[in-house]
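Order of appearance sets the numbers: ligands from 1, and atoms from 1 within every ligand.
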Amino acid sequence: MGNIVFLSVRRFRPQLKRSKPYHVVMVGLDKSGKTSILYRSKLREHINCVPTTAFNVETVRPSKGLKFKIWDVGGRDQNRPLWKAYVRQTDAIIFVVDCANETRIEEAREELFNLVNSAQINGAPILVFANKQDKPNAVGPVEMINKLSLHNLNTKHLWFVQPTSAKIGEGICEGLRTLGEMIDQWRQDMKLQKTKSRKHRHSLGTSRTNSANNIL
Ligand code: GDP
Ligand code: MG
């Protein structure tokens with residue numbers, strides 16, 4: 001399995017001090033490997049999972065000083081309308097795709113865009129786990145970018161594709177570490193934007209006062 005990473009255009013900035021865990025919601029079609037990824041990152045081993053009816057939640061530590069609380073939400077048809085509620089106020093979305101099942105990639109793409117376009121996620125970063133890379137017929141991560149039309153995502157989202165195998169245990173920690181950096185950058189960008197718009201409002205207020213003085 002290649003260890004190539006794909007970043008959207010912006011470069012990451014230095015890490016911020018992280019004290020609390022990042023809250024992340026993991027979604028994707030049923031059987032894509034979400035629960036296997038969750039427990040692989042928690043227990044460092046592959047476990048046989050039963051289908052998730054509602055959700056699982058675990059705190060995982062991919063490296064020292066980095067902590068995630070990951071919500072693994074069921075991906076069956078009846079669960080998908082709930083994704084929107086789970087992702088409200090999340091720090092990021094993890095979207096898992098079964099790369100060995102080409103017939104369902106289009107369905108996965110539709111669900112990803114439905115979610116990103118309709119949920120209130122305020123530009124939260126998106127990590128795509130291109131899972132089941134251990135299977136011989138797995139679509140590779142470059143092809144997956146095109147198949148999921150990731151370049152058509154709203155540009156306010158940082159996104160990243162990480163090839164993984166929950167079975168072998170490859171790619172998951174690396175992906176989570178990159179996700180931590182993406183969240184840091186997103187938070188810094190939001191802070192910057194807030195400062196800018198406060199300054200802008202302040203200067204508008206000043207010029208309004210000035211023009212009012214001109215009228216008087
Ligand atoms: P979920 O419905 O998205 O939570 O998917 P599960 O984690 O329950 O996994 C569905 C099936 O795919 C199970 O039989 C897993 O053992 C299998 N699976 C998950 N990840 C991988 C992987 O990376 N490689 C292979 N070969 N099988 C996997
Ligand atoms: Mg599951």
Decide yes or no for Thr53 and Arg76: does some side-chain heavy atom of the first lie under 4.5 Å from some side-chain heavy atom of the second?
-> yes
With only distance considered, is Asp72 within less than 3.5 Å of ligand 1 through an N or O on each side?
->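 By distance alone, the answer is no.
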Is any N or O atom of Thr164, backbone or side chain, closer than 3.5 Å to an N or O atom of ligand 1?
-> no
Out of Ile93, Leu179, Ile183, which one pairs with Leu127 under the side-chain contact (heavy atoms from CB on, under 4.5 Å) rule?
-> Leu179
Main-chain N/O of [Y] paired with [X] side-chain donor or acceptor, under 3.5 Å:
X      : Y      : result
Lys34  : Leu29  : yes
His157 : Ala124 : yes
Arg80  : Gly75  : yes
Asn131 : Ser32  : yes
Gln193 : Gln188 : no
Thr90  : His23  : yes
Lys147 : Glu106 : no
Arg177 : Leu66  : no

Protein contact to [atom] [nearest heavy atom, distance to 0.1 Å]:
atom                    : result
atom 19 (C) of ligand 1 : Ser36 OG, 3.4 Å
atom 11 (C) of ligand 1 : Lys132 NZ, 3.9 Å
atom 2 (O) of ligand 1  : Lys31 N, 2.7 Å
atom 20 (N) of ligand 1 : Asn131 ND2, 3.2 Å
atom 23 (O) of ligand 1 : Ala166 N, 2.8 Å
atom 26 (N) of ligand 1 : Asp134 OD2, 2.9 Å
atom 8 (O) of ligand 1  : Cys49 CB, 3.7 Å
atom 16 (O) of ligand 1 : His46 NE2, 3.3 Å

4.0 Å heavy-atom contact, Gly28 with ligand 1 = no
Any heavy atom of Pro51 sitting closer than 4.0 Å to ligand 1?
-> no
For the pair Arg187 and Asp91, find out whether any cationic side-chain nitrogen is under 4.0 Å from an anionic carboxylate oxygen.
->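 Here Arg187 pairs with Asp91 in a salt bridge, since their nearest N and O are under 4.0 Å apart.
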Please check if a non-hydrogen protein atom sits closer than 4.0 Å to atom 13 (C) of ligand 1.
->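 So far as the 4.0 Å threshold goes, atom 13 (C) of ligand 1 is out of reach of every protein heavy atom.
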Evaluate the 4.0 Å heavy atom contact test for atom 5 (O) of ligand 1: does a protein atom fall under the cut-off?
-> yes
For atom 3 (O) of ligand 1, which candidate among Lys167, Gln133, Lys34 holds the nearest heavy atom?
-> Lys34
Shared hydrophobic cluster, Leu82 / Phe95 (ILVMFWY, side-chain heavy atoms < 4.5 Å) |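 Same cluster: Leu82 reaches Phe95 through Ile, Leu, Val, Met, Phe, Trp or Tyr contacts under 4.5 Å.
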What are the atoms of ligand 1, with element, lying closer than 4.0 Å to any heavy atom of [X]?
X      : value
Asp30  : 2 (O)
Thr35  : 4 (O), 7 (O)
Lys135 : 26 (N)
Leu29  : 3 (O)

Has Ser36 got an N, O or S atom lying less than 2.8 Å from the Mg ion (ligand 2)?
->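 No N, O or S atom of Ser36 is closer than 2.8 Å to the Mg ion (ligand 2), so no.
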